[in-house]
Amino acid sequence: MTVPREMFEAREGEQRLENDPAMMPPDAGVVFIGRIASPWTTRESCPKNMRAARETGQPAVLIIDAPYRRGLQGLERASHVVILSWLHHAPRNLIVQKPRHAADAKGVFGLRSPARPNPVGLHVARLVALDIGTGRIDLDAIDVLDGTPVIDIKPYFASTDAIAEATVEGREGPNRIRQ
């Protein structure tokens, strides 16, 4: 199934794949386990990352479909969760992109853009409440459009998931000390 991808305008320096991955036979069978209810209905209104989403103060809800709700058992122990979403409005054939804020075009694997061959979103959110019976997971915030499908949820482990010394050249934060 293809979805119109008119949300993403073409920019100078961008390159597209000859074959759109959305039109290719799949290598794996990914199923959606639920959907996200968020306050964001347009690309323009949607925060570009989780920090910006938290700054809005707008919470979100993830609803897990009935067959998968038993898989939520034990998740209440986690303060934060990792959510893998399917960014279904994003084009899948854009391989080199020119971000608005960047001087040069970059390959999709050097960016966090939703436009990529497999538009998987990665979100770390605070778990506010969990109701296994209804499959409702209340989150502090989310940076996806309303109705975005979810492909997986995992507990976030600060002891193994956080890497204090990780850097991306040119993206040092206010507390980053370069050595």
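The residues of the chain are indexed from 1 along the displayed sequence.
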Undergrad: Applying a strict under-4.5 Å side-chain criterion to I, L, V, M, F, W and Y, I'd like to know whether Ile33 and Ile63 cluster together.
TA: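 Shared cluster, no.
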
Undergrad: Which distance, rounded to the nearest 0.5 Å, do you find between the CD1 of Ile153 and the NE2 of His123?
TA: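 Answer for the CD1-NE2 pair, Ile153 versus His123, is 11.0 Å.
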
Undergrad: Nearest 0.5 Å, what's the CZ-OG1 distance between Arg69 and Thr134?
TA: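 One gets 6.0 Å once the value is rounded to the nearest 0.5 Å.
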
Undergrad: Which heavy-atom pair separates Ala60 from Ala141 by the least distance, and what is that distance?
TA: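 Shortest heavy-atom contact: CB-C, 4.3 Å.
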
Undergrad: With rounding to the nearest 0.5 angstrom, report the CG to CD distance, Leu139 to Gln58.
TA: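 Here the rounded value is 13.5 Å.
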
Undergrad: Minimum heavy-atom separation for Pro149 and His88, please, with both atom names.
TA: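 Taking every non-hydrogen atom into account, CD-ND1, 3.2 Å.
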
Undergrad: Under a single-linkage definition using a 4.5 Å side-chain heavy-atom cutoff for Ile, Leu, Val, Met, Phe, Trp and Tyr, are Leu72 and Tyr68 assigned to the same hydrophobic cluster?
TA: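 Yes, same cluster.
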
Undergrad: Between Asp146 and Pro39, is there a donor-acceptor pair closer than 3.5 Å when you use the side chain of the first and the backbone of the second?
TA: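 No: the side chain of Asp146 does not pair with the backbone of Pro39.
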
Undergrad: Taking Asp20 for its side chain and Ala22 for its backbone only, find out whether a donor-acceptor pair lies under 3.5 Å.
TA: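 The answer is yes, because a donor-acceptor pair under 3.5 Å joins these two groups.
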
Undergrad: Let me check something: do Ile142 and Leu127 share a hydrophobic cluster, defined by ILVMFWY side-chain heavy atoms less than 4.5 Å apart, either directly or through other members?
TA: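 The answer is yes; both residues are in one hydrophobic cluster.
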
Undergrad: What pairs with Lys98 under side-chain contact (heavy atoms from CB on, under 4.5 Å), at least two apart in sequence or on another chain?
TA: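 Lys98: side-chain contact (heavy atoms from CB on, under 4.5 Å) contacts with Arg11, Glu14, Ala105.
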
Undergrad: Quick one, Arg16 and Pro91 - any side-chain contact, counting heavy atoms below 4.5 Å?
TA: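 Heavy-atom side-chain distance check passes, below 4.5 Å.
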
Undergrad: Restricting to non-hydrogen atoms, name the atom on Pro114 and the atom on Pro119 that form the minimum distance, rounded to 0.1 Å.
TA: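 The answer is O-CB, 3.5 Å.
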
Undergrad: So do the side chains of Arg92 and Asn118 get within less than 4.5 Å of each other, counting heavy atoms only?
TA: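 Touching, per the 4.5 Å side-chain cut-off.
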
Undergrad: Who pairs with Val82 by side-chain contact (heavy atoms from CB on, under 4.5 Å), at least two apart in sequence or on another chain?
TA: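 Val82: side-chain contact (heavy atoms from CB on, under 4.5 Å) contacts with Leu122, Val124, Lys154, Tyr156.
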
Undergrad: Under the side-chain contact (heavy atoms from CB on, under 4.5 Å) test, which residues partner Val128, sequence neighbours left out?
TA: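 Testing Val128 for side-chain contact (heavy atoms from CB on, under 4.5 Å), a comparison that skips the adjacent residues, returns Arg126, Asp138, Asp140.
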
Undergrad: With heavy-atom distances below 4.5 Å as the criterion, would you say the side chains of Pro21 and Asn93 are in contact?
TA: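 Of all side-chain heavy-atom pairs linking Asn93 with Pro21, at least one is under 4.5 Å.
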
Undergrad: Applying side chain to side chain donor-acceptor pair (under 3.5 Å), which residue pairs with at least one partner in residues 105-115 are found, sequence neighbours left out?
TA: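 Matches after skipping sequence neighbours: Gln97-Ser113.
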
Undergrad: Are the side chains of Trp86 and Val120 in contact, using a 4.5 Å heavy-atom criterion?
TA: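 They are in side-chain contact.
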
Undergrad: Could you work out, with side-chain contact (heavy atoms from CB on, under 4.5 Å) as the rule, every residue matching Glu76, not counting sequence neighbours?
TA: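 Result, side-chain contact (heavy atoms from CB on, under 4.5 Å) vs Glu76: Leu130, Ile132.
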
Undergrad: Are the side chains of Trp40 and Thr56 in touch, meaning some heavy atoms are under 4.5 Å apart?
TA: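 They are in side-chain contact.
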
Undergrad: When you measure from the side chain of Arg136 to the backbone N and O of Asp131, does any donor-acceptor pair fall under 3.5 Å?
TA: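 Flag not set: sc Arg136 to bb Asp131 has no pair under 3.5 Å.
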
Undergrad: State, with a plain yes or no, whether a side-chain heavy atom of Pro155 is found less than 4.5 Å away from one of Arg77.
TA: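 Not touching, per the 4.5 Å side-chain cut-off.
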
Undergrad: Using a side-chain heavy atom cutoff under 4.5 Å and only I, L, V, M, F, W and Y, what cluster partners does Leu111 have?
TA: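 None, because no other hydrophobic side chain comes under 4.5 Å of this residue.
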
Undergrad: Nearest 0.5 Å, what's the CD1-OG distance between Ile151 and Ser85?
TA: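 The CD1 atom of Ile151 sits 7.0 Å away from the OG atom of Ser85.
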
Undergrad: Look up atom OG1 in Thr41 and atom CG in Leu145, then write down how far apart they are to the nearest 0.5 Å.
TA: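 Those atoms lie 7.5 Å apart.
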
Undergrad: Can you get from Val96 to Phe109 by hopping between Ile, Leu, Val, Met, Phe, Trp and Tyr side chains that sit under 4.5 Å apart?
TA: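 Same cluster: Val96 reaches Phe109 through Ile, Leu, Val, Met, Phe, Trp or Tyr contacts under 4.5 Å.
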
Undergrad: With heavy-atom distances below 4.5 Å as the criterion, would you say the side chains of Val81 and Leu62 are in contact?
TA: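 No; the side chains remain at least 4.5 Å from each other.
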
Undergrad: I'd like to know if Ile83 and Met50 are part of one continuous hydrophobic network [Ile/Leu/Val/Met/Phe/Trp/Tyr, side-chain heavy atoms within less than 4.5 Å].
TA: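 Same cluster: Met50 reaches Ile83 through Ile, Leu, Val, Met, Phe, Trp or Tyr contacts under 4.5 Å.
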
Undergrad: Counting distance only, does the side-chain N/O of Thr148 pair as donor-acceptor with the main-chain N or O of Ile36 below 3.5 Å?
TA: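 Side chain of Thr148 to backbone of Ile36, a donor-acceptor pair under 3.5 Å: no, none is there.
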
Undergrad: Mind checking the OG1-NE2 spacing from Thr42 to His89? Nearest 0.5 Å is all I need.
TA: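 Reported to 0.5 Å precision, the distance equals 10.5 Å.
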
